[in-house]
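For reference, positions follow the sequence shown, starting with 1. Just so it is clear, the structure is predicted and the values come from calculations on it, not from any experiment.
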Amino acid sequence: MRAPAGLDLGAKLPEEIALSIASEMIMLRRGGQGGCLSASPPAAESVTAR
């Protein structure tokens, strides 16, 4: 982990800060980039036919 911890979500409340720290931990564990999902094409495994 790095300090300060967390992704830049613009968090103000304690709950939002906790979410930003948890998000960074998941990003580091899973090898994510931390970018905006709407700016990238959908991953093949996330597209399912219903």
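- Of all heavy-atom pairs spanning Gln33 and Met27, the tightest one is C-SD, 3.7 Å.
- Between Leu9 atom CG and Ser23 atom OG the span is 5.5 Å, to the nearest 0.5 Å.
- There is a path of hydrophobic side-chain contacts, each under 4.5 Å, that joins Ile17 to Met25.
- Note on Leu28 and Leu7: same hydrophobic cluster, where clusters join Ile, Leu, Val, Met, Phe, Trp and Tyr whose side-chain heavy atoms are under 4.5 Å apart, directly or indirectly.
- Atom CZ of Arg30 sits in a sparse spot, with 12 or fewer heavy atoms from other residues, nucleotides or ligands closer than 6.0 Å.
- Partners of Leu13 under the side chain to side chain contact (heavy atoms under 4.5 Å, CB included) rule, at least two apart in sequence or in another chain, are Glu15, Glu16.
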